[in-house]
Amino acid sequence: MMTTEIYNSIEDEIKALKHKRNAVILAHNYQVGDIQDVADFTGDSLGLAQQAKKTNADVILFSGVVFMAETASILCPDKTVLIPDLDAGCSLAGMVRVEDIRRWKAEHRNGVVVAYVNTMAAVKAEADYCCTSTNAVRVVERIPADQEILFVPDFFLGTYVQRQTGRTNMTLWKGYCHVHDMINSEHLVRLKKKHPKAEIIMHPECGCLTKSIHYADRVLSTDGMIQYVQTSAAREFIVATETGILHRMVKDNPDKLFIPAFDQAVCHYMKQNTLEKLVLSLERMQYEVKVPEVIRVRALRPLERMLEMTSDAKSYQNKAC
Ligand code: 13P
Ligand code: SF4
């Protein structure tokens with residue numbers, strides 16, 4: 001006879017299922033607030049990869065987008081990695097293909113490829129190094145100065161890295177995130193006029209970063225932002241990234257004011273995940289993300305290089321402009 005448990009709340013149900021499956025829930029900073037609240041760890045791409053690598057759980061329920069779940073699968077082949085919705089893609093990750101990288105490599109025999117973590121596993125498999133928004137500057141700084149670099153796929157992050165490192169032998173792919181592209185410098189100027197004491201913090205994927213860099217107080221990864229607003233003496237912040245990040249900022253700092261640079265900067269891919277889908281995921285063990293072994297072993301090298309090169313990196317290493 002089948003028994004149906006009665007739970008007081010969906011959060012309790014998730015807790016029980018997590019226990020039953022020996023699962024850990026990893027959530028990105030752009031997830032809806034109620035998912036962030038049930039997650040065991042909420043963080044940025046680097047932090048989530050590091051957590052995946054060190055967990056003892058049998059199952060990683062990755063509440064983020066597919067390329068992030070793939071990264072967990074590459075790093076932890078013995079774990080079952082689940083994502084609540086396979087439609088949680090990423091416009092940026094879709095902007096560079098394996099053939100594009102192969103063509104560049106054929107034309108630049110001594111060049112190396114740096115792939116932002118927002119790429120699919122097959123693209124990572126063609127790369128020499130991976131990086132995240134936290135450590136992109138540091139990874140590029142450590143590549144010998146005479147080596148040509150192809151940086152994929154984010155043009156704006158690439159431009160920022162080029163500016164910070166002063167490197168001239170970098171080819172930048174012209175990909176972009178459609179969400180960060182919605183935020184423009186006029187939004188920042190208008191909000192700064194209204195809140196003159198507010199600090200402006202920007203994600204390096206922002207399309208207006210070059211134009212706005214002189215107003216930006218800090219350029220940071222999502223976790224870098226979360227940590228920075230806690231330590232800064234400022235009371236008000238204009239936050240130039242996806243709006244999901246405000247949940248934790250407000251929760252951790254109830255006495256501070258957080259203003260989204262653009263309130264429609266919402267990633268519908270990230271928002272595919274819901275608490276109900278988390279329940280289904282753990283109940284039915286769906287949807288498994290498993291990177292084929294031939295790709296996994298090749299994609300692991302650039303990821304491990306990145307993790308080794310930046311094991312001591314702080315999320316908010318990226319100083320302002
Ligand atoms: P972070 O690694 O800074 O969280 O960025 C991931 C991302 O997808 C930003 O759009
Ligand atoms: Fe991709 Fe942009 Fe969404 Fe981040 S915010 S997951 S880069 S589409």
Side-chain angles (χ1 to χ4, degrees), residues 26-32 35-36 39 41-52 62-72 83-96 115-120 123 130-139 152-158 160-161 173-183 201-209 218-229 239-249 260-273 303 306-307 310 313-318:
L26 304 183
H28 187 264
N29 289 320
Y30 297 160
Q31 292 297 282
V32 292
I35 291 185
Q36 294 191 33
F41 180 85
T42 303
D44 64 5
S45 310
L46 180 63
L48 293 170
Q50 287 167 332
Q51 288 296 322
F62 211 113
S63 201
V65 292
V66 172
F67 77 79
M68 295 178 176
E70 278 191 344
T71 302
I83 189 156
D85 192 321
L86 283 169
D87 286 336
C90 169
S91 56
L92 175 58
M95 284 190 191
V96 65
Y116 187 33
V117 75
N118 295 40
T119 43
M120 300 311 289
V123 167
C130 279
C131 70
T132 68
S133 54
T134 301
N135 57 33
V137 170
R138 185 183 280 233
V139 167
V152 296
D154 192 275
F155 179 75
F156 301 109
L157 174 63
Y160 176 70
V161 170
W173 198 254
K174 293 206 171 55
Y176 62 93
C177 158
H178 75 288
V179 180
H180 286 86
D181 197 46
M182 290 180 203
I183 301 168
I201 53 176
M202 297 185 74
H203 195 278
E205 283 177 26
C206 286
C208 66
L209 185 60
R218 286 289 186 278
V219 179
L220 299 160
S221 75
T222 58
D223 246 29
M225 289 182 173
I226 301 258
Q227 292 169 39
Y228 178 71
V229 298
V239 185
T241 192
E242 209 269 355
T243 58
I245 196 166
L246 268 71
H247 174 74
R248 193 139 66 102
M249 288 180 171
F262 182 50
D263 58 8
Q264 286 163 52
V266 177
C267 176
H268 69 277
Y269 295 114
M270 285 280 180
K271 285 357 185 216
Q272 292 295 321
N273 300 324
L303 275 170
M306 169 188 85
L307 293 172
T310 60
K314 289 203 182 75
S315 298
Y316 51 98
Q317 63 167 328
N318 291 349

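Just follow the structure's listing: the first ligand is 1, and inside any ligand the first atom is 1. For this chain, numbers begin at 1 and follow the sequence in order.
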What I'd like to find out is whether the side chain of [X] reaches to under 4.5 Å of the side chain of [Y], using heavy atoms alone.
X	Y	answer
Tyr176	Glu205	no
Ile83	Gln272	no
Leu157	Leu209	no
Thr42	His28	no

TODO: State which residue, out of Thr134, Thr132, Thr222, fulfils the side chain to side chain donor-acceptor pair (under 3.5 Å) condition with Asp44.
DONE: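 For Asp44, the side chain to side chain donor-acceptor pair (under 3.5 Å) test succeeds with only one of Thr134, Thr132, Thr222, which is Thr134.
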
Nearest protein heavy atom with distance in Å, relative to [atom]:
atom	answer
atom 2 (Fe) of ligand 2	Cys177 SG, 2.3 Å
atom 8 (O) of ligand 1	Asn118 ND2, 3.2 Å
atom 1 (Fe) of ligand 2	Cys90 SG, 2.4 Å

Task: Nearest heavy atoms of Pro260 and Leu246, plus distance in Å - done: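 So the minimum-distance heavy-atom pair works out to CD-CD2, 3.7 Å.
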
TODO: Work out which heavy atom in Asp87 is nearest to a heavy atom in Asp85; give both atom names and the distance.
DONE: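 Shortest heavy-atom contact: N-OD1, 2.7 Å.
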
Task: His28 to ligand 1, any heavy atom closer than 4.0 Å - done: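 True for this residue.
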
- [ ] Return yes when Thr132 approaches ligand 1 closer than 4.0 angstrom through a heavy atom, no otherwise.
- [x]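 No, Thr132 has no heavy atoms under 4.0 Å from ligand 1.
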
Open item on the list: Need the ligand 2 atom indices (1-based, order shown) with element for anything under 4.0 Å from a heavy-atom of Asn118.
Closed with: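 Those of ligand 2 that fall under 4.0 Å from Asn118 are 7 (S).
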
Open item on the list: If the cut-off is 4.0 Å to any non-hydrogen atom of Ser221, which atoms of ligand 1 fall inside it?
Closed with: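 This gives 3 (O) as the contact atoms.
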
Task: Atom indices of ligand 1 within 4.0 angstrom of Glu205 heavy atoms, with elements - done: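 This gives 7 (C), 9 (C), 10 (O) as the contact atoms.
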
Task: Heteroatom N/O/S of Cys267 within less than 2.8 Å of atom 1 (Fe) of ligand 2 - done: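 Checking atom 1 (Fe) of ligand 2 against Cys267, no N, O or S atom falls under 2.8 Å.
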
- [ ] Look only at interatomic distance and state if Ser45 has a nitrogen or oxygen under 3.5 Å from any nitrogen or oxygen of ligand 1.
- [x]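 Looking only at distances, the answer is yes, because the N/O contact criterion of under 3.5 Å is met.
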
Task: Asp44-ligand 1 polar pair, N/O distance under 3.5 Å - done: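 No; the residue has no nitrogen or oxygen that sits under 3.5 Å from a nitrogen or oxygen of the ligand.
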
- [ ] Measure the distances from the heavy atoms of Glu242 to every atom of ligand 2 and state whether one is below 4.0 angstrom.
- [x]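 Checking ligand 2 against Glu242, which is what was asked, there is no heavy-atom contact under 4.0 Å.
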
